[in-house]
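Worksheet for the structure shown next.
Note that this is a predicted model, so its numbers are computed, not measured.
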Amino acid sequence: MAQRRVVVSGGGTGIGLATARLFAAEGDRVVLLGRREEPLRKAGEELNERHGEGVATWYAADLSVPEQVRQATKFIVADDTPIDVVVANAGGNVAPAHDGSLEAVAAGYRANFDANVLTAVLLTEALVPHVRRPGGRIVQLSSIAALRGPGSYGGSKGWINTYTFDLAQRLGPEGITVNAVAPGFVRETEFFGDRATPEFVAARVGQTLTGQPGHPSQVAAAICYLASAAAEYMTGQLLHLNGGAALGR
């Protein structure tokens, strides 16, 4: 397979980094995006050391801010090379604990909308004109939370599902596929932070049918499959990866 250009948001840590590692191992060039310069630099240097100088580049930006997305896009498309794969992975449950007031509830919903919906939609829309036609692949990151909450985070991932379906319809005639993966509980990420106590982890693992947590590399493998020639006929789909914690229909 010829070398591809791959853009991964949230690429400095967790699922995004695991995804970038797998694409780089397959011979692709990757652009890592995220808010924090240091994790991006560390990840990019790791990939370049392992796979060759120039395999990875990176750009720090808040992808919920339109002007910062414009600047990131200019960086990505500066050499006029088409983008083969877009992985919109940035986000997380950023709604703060609150006192139950309507103002606090509104702030939590807005925060998760910005962090999960706008980061995906603005980046994707900015890059769509530069995605290879035919053959481009777009993969969005949903979550098991879209099926069962919590509310503001689950709601934001529900938006990702509907955006995926809409985008697949728009871009299908141009030979671009659009799919989403919806992970369940995944270890080895920063997502849960201090909440990931032994009791918390045991409860989440206990919800699965396999008795095992997920790992970033497993989600990365699913993302890379959706970006492969094997998934050429697969678009507008939501791929669940949760060990059976929620049964697909």
Would you mind telling me which of Val121, Thr119, Leu122 makes a side chain to side chain contact (heavy atoms under 4.5 Å, CB included) with Leu63?
Thr119
Please check: side-chain N/O of Gln71 versus main-chain N/O of Gln68, any donor-acceptor pairing under 3.5 Å?
no
Minimum heavy-atom separation for Ser142 and Pro183, please, with both atom names.
O-CD, 3.3 Å
Quick check on the hydrophobic clustering: are Val87 and Val178 connected, directly or via other members, by side-chain heavy-atom contacts under 4.5 Å?
no
Check: Ile223 and Ile15 side chains under 4.5 Å, non-hydrogen atoms
yes
Could you go step by step and tell me if Lys42 and Glu37 meet the salt bridge (Lys or Arg N to Asp or Glu O under 4.0 Å) rule?
CA-CA 9 Å; Lys42 182 178 178 182; Glu37 173 74 25; over 6 Å; no
Do the rings of Phe75 and Tyr59 sit parallel, tilted or perpendicular, given the 30° and 60° boundaries?
tilted
How close do Arg132 and Ile176 get, counting heavy atoms only, and between which atoms?
O-CG1, 3.6 Å
Considering all heavy atoms, the nearest Thr19-Cys224 contact:
O-SG, 4.4 Å
Enter the distance from Leu241:CG to Ile144:CD1 here, rounded to the nearest 0.5 Å.
10.5 Å
Any carboxylate oxygen within less than 4.0 angstrom of a Lys/Arg side-chain nitrogen, looking at Arg41 and Glu45?
yes
Interatomic distance, CG@Leu32 vs CG@Leu40, rounded to 0.5 Å, equals 6.0 Å
May I have the step-by-step check of side chain to side chain donor-acceptor pair (under 3.5 Å) for Thr124 and Gln140, ending in yes or no?
CA-CA 9 Å; Thr124 302; Gln140 303 285 329; 3.1 Å; yes
Can you give me the closest heavy-atom contact between Ala95 and Gly108, atom names plus distance?
CB-O, 3.7 Å
How far apart are the closest heavy atoms of Pro39 and Thr13, and which atoms are they?
CB-CG2, 4.1 Å
Has the side chain of Ser9 got a donor or acceptor atom that lies under 3.5 Å from a matching backbone atom of Ala90?
yes
Side-chain donor or acceptor of Arg5 paired with backbone N/O of Thr81 under 3.5 Å
yes
To the nearest 0.5 Å, tell me how far Asp62 CG sits from Arg36 CZ.
12.5 Å
Hits for side chain to side chain contact (heavy atoms under 4.5 Å, CB included) against Pro150, two or more places apart or cross-chain, chain-then-number order -> Asn93, Ala145, Tyr153
Can you tell me how far apart OG1 (Thr73) and CG (Leu33) are? Round to the nearest 0.5 Å.
8.5 Å
Would Leu141 end up clustered with Tyr225 when hydrophobic side chains under 4.5 Å apart are linked, directly or stepwise?
yes
Taking only Lys NZ, Arg NE, NH1 and NH2, and the carboxylate oxygens of Asp or Glu, determine whether Asp28 and Arg4 approach each other closer than 4.0 Å.
yes
Leu118 reachable from Val139 in the ILVMFWY side-chain graph, under 4.5 Å edges
no
Can you tell me which residue among Ile160, Leu167, Asn161 is in a side chain to side chain contact (heavy atoms under 4.5 Å, CB included) with Thr164?
Ile160
Glu26/Arg21 salt bridge by N-O under 4.0 Å criterion:
no
Indicate yes or no for a side-chain donor-acceptor contact from Lys157 to the backbone of Leu147 under 3.5 Å, with no hydrogens or angles considered.
no
I'd like to know if the side chain of Asn179 reaches the main chain of Gln237, judged simply by a donor and an acceptor atom lying under 3.5 Å from each other, with no hydrogens or angles considered.
yes
Between atom CD1 of Ile138 and atom CG of Leu127, what is the distance when rounded to the nearest 0.5 Å?
8.0 Å
Does Leu123 share a hydrophobic cluster with Tyr163, counting links as ILVMFWY side-chain heavy atoms below 4.5 Å and allowing steps through other members?
yes
Go through the steps to decide whether Trp58 and Val31 satisfy the test side chain to side chain contact (heavy atoms under 4.5 Å, CB included), and finish with yes or no.
CA-CA 5 Å; Trp58 57 93; Val31 182; over 6 Å; no
Can you check whether Ala202's main-chain N or O pairs, donor with acceptor, with Arg204's side chain at less than 3.5 Å?
no
I want to check something: taking the side chain as every heavy atom from C-beta on, are Val181 and Leu226 in contact at a cut-off of under 4.5 Å?
yes
Quick one: does Val219's side chain get under 4.5 Å of Val186's, heavy atoms only?
yes
Short question: side chain of Ser143, backbone of Ala146 - any donor-acceptor pair under 3.5 Å?
no
Side-chain (Asn116) to main-chain (Asn112) donor-acceptor, under 3.5 angstrom
yes
Arg133 (side chain) donor-acceptor with Val131 (main chain) under 3.5 angstrom:
yes
Hydrophobic cluster identity match, Trp159 and Val69, side-chain contacts under 4.5 Å:
yes
Is there side-chain contact between Thr177 and Tyr233, with at least one heavy-atom pair below 4.5 Å?
no
One pair to check against salt bridge (Lys or Arg N to Asp or Glu O under 4.0 Å): Asp84 and Arg29. What are the steps and the verdict?
CA-CA 10 Å; Asp84 296 282; Arg29 288 187 296 149; over 6 Å; no
Approximate separation, where rounding is to 0.5 Å, of Ser152 OG and Phe113 CZ:
12.5 Å
Exceeds 12 heavy-atom contacts within 6.0 angstrom, atom CZ of Arg110:
no
Could you pull out the closest heavy-atom pair between Ala20 and Val30, with the gap in Å?
O-CG1, 4.0 Å
